[in-house]
Peer 1: 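I'd like to ask some things about the structure below.
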Amino acid sequence: MKLKSEKMTMEAFQAEREEVMRTWPTGQGVDFEDGVRYQLALPESKRFSSALAKAEREGKTLCQPRAGVALVDEHIKLLQFLEPSCDLLPSTIDAYTRLNHYEKAAEGVARSLAAGTSLLNGFPAVNHGLAECRRVVEALKKPVQVRHGTPDARLLGEITLAAGFTAYEGGGISYNIPYAKKVPLERSIRHWQYCDRLVGLYEERGVRINREPFGPLSGTLVPPFVSHCVAIIEGLLALEQGCKCITLGYGQAGNIVQDIAAIRSLRELGHEFFRAAGYEDYALSTVFHQWMGGFPENEAMAFSVIAWGSAMAALSGATKVIVKTPHEASGIPTKEANKQGLDATTQLLNMVREQVFPASPVVDLEVELIKREVRAVMAKVFELGNGDVAVGAVRAFEAGVLDVPFAPATCNAGKLMPVRDNEGAVRIFEVGRVPLPDDVLAYHKEKIAERAKAENRAPVFQMVVDDIYAISKSKLIGRPR
Ligand SMILES: CC[C@H]1O[C@@H](n2cnc3c(N)ncnc32)[C@H](O)[C@@H]1O
């Protein structure tokens with residue numbers, strides 16, 4: 001395996017950059033020095049890292065939507081419409097661009113022009129190119145982040161960072177396992193070492209770009225320790241390439257205690273592992289994604305899910321919350337629905353922000369449980385990689401040590417099976433080959449047995465199926481009819 005956990009040399013980076021910039025014509029117009037100049041000229045009010053640092057200092061939870069449409073003018077209108085209702089802006093990239101199918105994205109742009117409406121599910125930044133992406137940044141007042149799902153995000157990063165986007169979501173694991181079927185993990189991790197090195201090069205020139213691994217992964221009953229391990233590994237890989245501003249994320253699961261414990265343990269474990277690796281000079285923040293699983297079609301019920309996710313984001317102390325919309329069950333939201341999701345979120349953030357969730361032994365217990373799980377799995381990752389976290393991650397997925405429930409990637413074992421316990425916390429129904437301590441497994445089994453007893457049925461896979469549909473059926477736990 002040629003993959004290695006080390007900072008890319010400038011020679012290797014430059015050689016690879018020449019190849020990357022030739023993969024689509026719009027790569028030709030991108031000059032790194034010009035990108036640095038443009039980034040340095042941005043006002044602080046447009047810098048994602050500054051907004052996050054301020055929120056961390058103030059203990060505030062910022063809100064951010066997802067949003068992206070095919071044509072530049074419409075994308076600008078959409079973001080300008082949403083801007084007054086949020087703290088941070090996105091540009092969600094379309095599915096063709098995420099697969100580097102720029103020719104299909106070009107067709108989508110042409111069809112959208114002809115139709116007079118967006119026929120892509122996001123903003124095709126590579127096709128639009130540097131000048132048009134700068135037009136987006138210049139039309140806005142707030143910081144803009146690139147949100148996508150791209151295993152090979154090298155050209156996308158070159159163009160959007162030179163264009164003044166100041167945050168970049170994703171990672172070689174979190175944008176492969178939940179988003180791709182057959183992309184070798186080694187390849188996507190290598191591609192993201194390039195992306196992180198590019199961010200590190202901007203950092204060396206005084207331009208701080210925020211890096212946010214994609215926390216929720218498959219977004220379906222993912223146990224906190226699983227997404228924490230991936231987030232921490234991607235944080236370590238980014239730090240290694242010189243990134244300094246890291247946001248670790250988590251997708252809401254629905255149980256109060258577990259969700260609060262998840263964000264607290266994520267922040268503490270981030271520091272634990274980053275410092276153990278010798279990093280001190282970095283800025284760490286957290287992001288809480290409102291429920292990422294199936295949503296109710298009924299918009300009033302959808303607003304409840306959004307509100308619940310907002311309250312939990314604030315109570316957990318997350319630096320940022322990613323906001324859903326009442327159109328979640330149907331698809332890409334209208335700008336009005338997107339704004340409604342933000343307004344519902346802001347209402348709850350404002351009503352909850354002065355309240356602190358009381359210190360509680362059950363939360364502390366859940367924090368300790370998650371920490372023990374993460375430490376056990378991460379120890380195995382480092383062992384498998386002989387200390388190399390990139391190699392260890394690849395081998396851990398091959399061995400089923402890292403295993404993301406309901407993820408499409410063929411390199412993911414898919415043996416770990418989660419299920420909710422009697423209070424809706426995500427527990428381990430089948431552990432597969434994940435190396436959790438016996439007493440931890442016994443605890444999960446005990447919690448599941450409480451539910452089985454309450455439902456008068458044996459712990460069966462049907463419980464898992466019931467849980468997957470529960471929230472879209474207006475419940476948290478998939479109780480038998
Ligand atoms: C990660 C998946 C999430 O991203 C959302 N999403 C994907 N593309 C867009 C889009 N173009 N506009 C708004 N939301 C979007 C989708 O609804 C889901 O909540």
Side-chain angles (χ1 to χ4, degrees), residues 63-72 74-83 85-86 88-99 105 108-109 112 117-125 127-128 136 144-151 153 156 168-171 174-180 212-220 222 227 230-231 247 249-252 287-297 299 302-303 305-306 308-310 313 320-342 344-345 404 406-408 471-472:
C63 70
Q64 181 183 17
R66 297 183 174 98
V69 288
L71 304 177
V72 179
E74 282 64 29
H75 189 63
I76 287 173
K77 285 196 198 87
L78 169 61
L79 295 184
Q80 287 177 330
F81 179 81
L82 296 174
E83 189 165 46
S85 309
C86 63
L88 299 166
L89 286 164
S91 280
T92 301
I93 304 299
D94 71 286
Y96 290 131
T97 303
R98 297 179 183 194
L99 295 169
V109 170
S112 301
T117 184
S118 178
L119 298 179
L120 290 175
N121 62 356
F123 180 67
N127 291 71
H128 289 313
V136 173
V144 199
Q145 176 181 35
V146 190
R147 300 190 72 88
H148 48 119
T150 313
L156 176 66
Y168 205 59
E169 188 191 24
S174 62
Y175 271 3
N176 180 331
I177 301 297
Y179 280 99
E212 175 191 335
F214 178 59
L217 302 178
S218 62
T220 309
V222 178
S227 53
V230 172
T247 301
Y250 165 73
Q252 177 183 17
V287 54
F288 185 95
H289 292 250
Q290 292 176 359
W291 173 245
M292 294 290 284
F295 250 66
E297 290 190 17
E299 294 200 5
F303 279 120
V305 178
I306 290 166
W308 182 233
S310 309
K320 180 172 88 165
V321 60
I322 305 297
V323 177
K324 289 279 178 159
T325 81
H327 288 180
E328 179 59 24
S330 52
I332 304 299
T334 60
K335 66 179 187 296
E336 292 78 8
N338 213 333
K339 182 180 180 301
Q340 286 179 318
L342 287 165
T345 298
V404 177
F406 312 110
I471 288 186
S472 56

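Keep in mind that the numbers below use all heavy atoms, side chains included, and drop hydrogens, waters and symmetry copies. Indexing begins at 1, ligand by ligand and atom by atom, following the structure's order.
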Peer 1: Sub-3.5 Å donor-acceptor pair from the side chain of D94 to the main-chain atoms of A70, do we have one?
Peer 2: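 Looks like no, no N/O pair under 3.5 Å.
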Peer 1: Compute the shortest N/O to N/O distance between G68 and ligand 1 and return yes if it is under 3.5 Å, no if not.
Peer 2: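 Looking only at distances, the answer is yes, because the N/O contact criterion of under 3.5 Å is met.
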Peer 1: Suppose I only count heavy atoms of N121 and a 4.0 Å limit; which atoms of ligand 1 are within that range?
Peer 2: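 Listed by number with element: 8 (N), 10 (C), 11 (N).
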Peer 1: Could you tell me the residue and atom name of the protein heavy atom closest to atom 19 (O) of ligand 1, and the distance to it rounded to 0.1 Å?
Peer 2: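 For atom 19 (O) of ligand 1, the nearest protein heavy atom is K324 NZ, 2.6 Å.
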Peer 1: Indicate the ring-plane relationship of H148 and Y175, choosing parallel, tilted or perpendicular according to the 30° and 60° boundaries.
Peer 2: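 Geometry flag for Y175 against H148: perpendicular rings.
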Peer 1: Tell me which protein heavy atom sits closest to atom 15 (C) of ligand 1, plus the residue, atom name and distance to 0.1 Å.
Peer 2: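 Looking at atom 15 (C) of ligand 1, the protein heavy atom closest to it is R66 CB, 4.0 Å.
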Peer 1: Counting from 1, what ligand 1 atoms have a heavy atom of M292 closer than 4.0 Å?
Peer 2: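 So the atoms of ligand 1 that pass are 1 (C).
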Peer 1: Does any donor atom in the side chain of K324 or Q290 lie under 3.5 Å from an acceptor atom in the other side chain?
Peer 2: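 No, no side-chain donor-acceptor contact under 3.5 Å.
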Peer 1: Of the backbone atoms (N, CA, C, O) and the side-chain heavy atoms from C-beta on, which set of P333 has a member under 4.0 Å from an atom of ligand 1: side chain, backbone, both, or neither?
Peer 2: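 Side chain only.
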Peer 1: Does the N or O separation between Y179 and ligand 1 drop below 3.5 Å for any pair?
Peer 2: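 In this structure, Y179 places no N or O atom under 3.5 Å from an N or O of ligand 1.
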Peer 1: Just need the protein heavy atom nearest to atom 9 (C) of ligand 1, so name the residue and atom and give the distance.
Peer 2: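 Of the protein heavy atoms, I332 CD1, 3.6 Å lies nearest.
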Peer 1: Parallel under 30°, tilted from 30 to 60°, perpendicular over 60°: which one fits the rings of H289 and F214?
Peer 2: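 Answer is perpendicular, since the angle exceeds 60°.
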Peer 1: For atom 12 (N) of ligand 1, which protein heavy atom lies nearest, and how many Å away is it?
Peer 2: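 Here the closest protein heavy atom is A67 CA, 3.5 Å.
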Peer 1: Start with the C-alpha distance between H327 and F295, add both sets of side-chain angles, then the distance that settles ring-ring contact (aromatic ring centres under 6.0 Å, His included), and finish with yes or no.
Peer 2: CA-CA 9 Å; H327 288 180; F295 250 66; over 10 Å; no
Peer 1: Please state which protein non-hydrogen atom is closest to atom 16 (C) of ligand 1 and give its distance, to 0.1 Å?
Peer 2: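 Here the nearest protein heavy atom works out to E328 OE1, 3.8 Å.
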Peer 1: Which of the atoms of ligand 1 are close to T92, meaning less than 4.0 Å from one of its heavy atoms?
Peer 2: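 Per the distance check, 8 (N), 9 (C).
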Peer 1: When P326 is tested against each of E336, Q340, E297 for side chain to side chain contact (heavy atoms under 4.5 Å, CB included), which residue passes?
Peer 2: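 It is Q340; the other options fail the test.
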Peer 1: Using side-chain hydrogen bond (donor to acceptor under 3.5 Å, both in side chains) as the criterion, point out the one residue from Q145, R147, H75 that pairs with S91.
Peer 2: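 Exactly one pass, corresponding to H75.
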Peer 1: If I take atom CH2 from residue W291 and atom OG1 from residue T220, how far apart are they, to the nearest 0.5 angstrom?
Peer 2: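 Rounded to the nearest 0.5 Å, the CH2-OG1 separation comes out at 6.5 Å.
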